[in-house]
Chemist: 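Next up is a structure, given as structure tokens.
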Amino acid sequence: MSRNHFWITALLLAVVACWSACSTAPSHLAYVTLSNNQVAAYRVDNSTGLLTPIAGSPYPAGVFPTSMAIHPSGKFAYVANTGEGDIALFAINGAAGALKEVPPRVLTGTNPTSLAFRSDGNELFVANAGSGTLSVFSINTRTGNLIPISGSPFSCGRAPVSLAISSSNVLYAADSSSNVVFAFAIDTTTGGLTAVPGSPFPVGGSNPNSVALDASGKFLYTANLLSNTISGFAIASNGSLTPVPGSPFASESGPISVAAAPGSEFIYVANQGSNTLSKFALSSSGVPSPAAGSPVSVGRSPVFVAPDVNGNFVFVGNGLSANLSEFAVNSSGLAKVDQSPYATPSAPTSLATIK
């Protein structure tokens, strides 16, 4: 065997071994922002869903962190500090899962509440609920540093509180004060925003606090807190929205957060008024119907629902009981995970997972 052949064979064996190890990893990571100005880090057991705190957690953050987003590279995490109007960058230790803040923090508009990336990870978008704007930053994918793009911040109604980005590079922002969803086409070269024809789109409900795209990317949903409804929209090729027949749909009391199940046509809704989690199956036309066993009880005053990145578990952050409810997703519905709910150092405000 030639020397070159030997090294090529060794390299291929190493790649196969790494792929095998990575594909059978026993756990992955979850991060939770907390109202006491911290971020808690956990390992999630892939089989049981059980959470184990990471050594050194929780980590200091800014004033009242309310949203966290993990860069597609898995190397960086960004936290929106609503109380001080800025974004904190954290480097992620891939092996241990520990976080280390990389200063300085970057200013946004007033009360940043939601973060979203374009799929390639080149830009970060921020909803500034207090100033009615969207901040857009280009990302140095080597260092994670944020640089405001030309024209940022962009005007966006009165109180944009939640963001979602489609695979066709359309940014959607729920405005809780104006009861509409704004839609913007994203310039894939500059990151700039241009309103989609017909934007903004009325939701037909009151106080939409959350927006989410289904797994197929064909439909968009809002949770309308004050009207106890969910609005559904079909998405046109240009990003414009048309209400799904029958929208808005009745929900439990106080729907405050909506999220899509990864890889399947279901959505989850956290209901603040009834302390429940609802699961809805989506028809081919986007109409939601209650799934088997739904709703299930959670803690007091849930503020968010967050499906696990693998789609096997779903988490609910409970504000008044300062804990996390966790459920395993199975064919018969939602099964409470052992040891759930998990106490958190203070009220949880958001959760993000990474493989």
Chemist: Cluster question for you: counting only ILVMFWY and a side-chain heavy-atom cut-off of under 4.5 Å, with indirect links fine, are L277 and V329 together?
Modeler: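 Yes, L277 connects to V329 through the hydrophobic network.
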Chemist: Closer than 3.5 angstrom, by distance alone: can the side chain of T82 be matched with the main-chain N or O of P112 as a donor-acceptor pair?
Modeler: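 Pair found, side chain donor or acceptor close to backbone of P112.
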Chemist: Pick from D45, D308, I354: which one makes a side chain to side chain contact (heavy atoms under 4.5 Å, CB included) with H28?
Modeler: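 Only one option passes, and that is D308.
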Chemist: So, R158 versus S178: side-chain donor-acceptor pair below 3.5 Å or not?
Modeler: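 Yes, a side-chain donor-acceptor pair sits under 3.5 Å.
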Chemist: Can you hop from F315 to V305 via hydrophobic side chains spaced under 4.5 Å?
Modeler: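 Different clusters.
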Chemist: For T349 and T33, which I'm curious about, is there any donor-acceptor pair between the side chains at under 3.5 Å?
Modeler: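 The answer is yes; a qualifying pair exists.
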Chemist: Which is it for Y78 and F117 under the ring-ring contact (aromatic ring centres under 6.0 Å, His included) test, yes or no, and what are the steps along the way?
Modeler: CA-CA 10 Å; Y78 299 86; F117 297 105; 5.7 Å; yes
Chemist: Side-chain contact test, heavy atoms from C-beta onward, threshold under 4.5 Å: evaluate it for V287 versus F280 and give yes or no.
Modeler: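 Answer no - side chains too far apart.
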Chemist: Could you tell me whether the side chain of N128 and the main chain of G130 form a donor-acceptor pair under 3.5 Å?
Modeler: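 No, the answer is negative, given that no donor and acceptor are paired below the 3.5 Å cut-off.
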Chemist: Check whether L115 and L171 end up in the same hydrophobic cluster, where Ile, Leu, Val, Met, Phe, Trp and Tyr are linked by side-chain heavy atoms less than 4.5 Å apart.
Modeler: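 No.
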Chemist: Please check: side-chain N/O of S176 versus main-chain N/O of P208, any donor-acceptor pairing under 3.5 Å?
Modeler: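 Not at all, since once roles are kept as given, no pair shorter than 3.5 Å links the two residues.
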Chemist: Side chains of N207 and S227: is there a donor and an acceptor less than 3.5 Å apart?
Modeler: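 There is no such pair between these side chains.
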Chemist: Got a donor-acceptor contact below 3.5 angstrom from the Y172 side chain to the L213 backbone?
Modeler: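 Between the backbone of L213 and the side chain of Y172 there is no qualifying donor-acceptor contact (under 3.5 Å).
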Chemist: Atom CD in E326, atom CG in L351: separation rounded to 0.5 Å?
Modeler: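 Reported value, rounded in 0.5 Å steps: 9.0 Å.
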Chemist: Clusters formed by hydrophobic residues whose side-chain heavy atoms approach within less than 4.5 Å: which one holds V63, and what are its other members?
Modeler: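 Taking Ile, Leu, Val, Met, Phe, Trp and Tyr as members, V63 shares its hydrophobic cluster with F64.
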Chemist: How far does CG of L334 sit from OG of S297, to the nearest 0.5 angstrom?
Modeler: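 Here the rounded value is 11.5 Å.
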Chemist: Should side-chain heavy atoms under 4.5 Å link Ile, Leu, Val, Met, Phe, Trp and Tyr, which residues sit in the same cluster as L226?
Modeler: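 Its cluster partners, ordered by chain and number, are L225, I256.
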Chemist: Measure the CZ-CG distance between R43 and L50 for me, rounded to the nearest 0.5 Å.
Modeler: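 R43 CZ to L50 CG: 14.5 Å, rounded to 0.5 Å.
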Chemist: Does one hydrophobic cluster hold both I267 and I235, with members joined at side-chain heavy-atom distances below 4.5 Å?
Modeler: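 No, separate clusters.
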Chemist: Could you verify whether a donor N or O on one side chain and an acceptor N or O on the other, from N46 and S27, lie under 3.5 Å apart?
Modeler: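 There is no such pair (donor and acceptor under 3.5 Å, judged by atom type) between the side chains of N46 and S27.
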Chemist: For F219, is there any backbone N or O sitting under 3.5 Å from a side-chain donor or acceptor partner on D214?
Modeler: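 Side chain of D214 to backbone of F219, a donor-acceptor pair under 3.5 Å: yes, one is there.
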Chemist: Are any of the side-chain heavy atoms of S206 and N224 separated by less than 4.5 Å?
Modeler: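 The answer is no, as the side chains (C-beta and beyond) never meet within the 4.5 Å cut-off.
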Chemist: Do side-chain atoms of S251 reach the backbone of N228 as a donor and acceptor pair under 3.5 angstrom?
Modeler: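 A pair under 3.5 Å: yes.
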Chemist: Is the charged tip of K279 near the ring of F266: under 6.0 Å from the six-membered ring centre and within 45° of its axis?
Modeler: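 Positive - K279 is close enough to the ring of F266 and near enough to its axis.
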Chemist: Say whether V314 and V269 are linked into one hydrophobic cluster, either directly or through other cluster members, by side-chain heavy-atom distances under 4.5 angstrom.
Modeler: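 No, it is not one cluster - the side chains of V314 and V269 are not joined through contacts under 4.5 Å.
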Chemist: Let me see the working for S162 and N209 under side-chain hydrogen bond (donor to acceptor under 3.5 Å, both in side chains), right down to the final yes or no.
Modeler: CA-CA 7 Å; S162 181; N209 262 264; over 6 Å; no
Chemist: When you measure from the side chain of T108 to the backbone N and O of G85, does any donor-acceptor pair fall under 3.5 Å?
Modeler: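 Yes, T108 side chain to G85 backbone: donor-acceptor pair under 3.5 Å.
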Chemist: Could you tell me whether a side-chain N or O of S152 sits under 3.5 Å from a main-chain N or O of V136, the two making a donor and an acceptor?
Modeler: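 The answer is yes, because a donor-acceptor pair under 3.5 Å joins these two groups.
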Chemist: Side-chain donor-acceptor pair under 3.5 Å between N122 and D120, yes or no?
Modeler: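 Short answer, yes.
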Chemist: Under 3.5 Å, is there a donor-acceptor pair between the side chain of N310 and the main chain of N312?
Modeler: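 No, the answer is negative, given that no donor and acceptor are paired below the 3.5 Å cut-off.
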Chemist: Can you find a heavy atom in the side chain of V170 that is under 4.5 Å from one in the side chain of F184?
Modeler: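 A side-chain contact under 4.5 Å is absent here.
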Chemist: Just by distance, no angles: are the side chains of N271 and S278 close enough, under 3.5 Å, to form a donor-acceptor pair?
Modeler: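 The answer is yes; a qualifying pair exists.
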Chemist: Do any N or O atoms from the side chain of S199 and from the backbone of A183 form a donor-acceptor pair under 3.5 angstrom?
Modeler: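 Such a contact is found between S199 side chain and A183 backbone.
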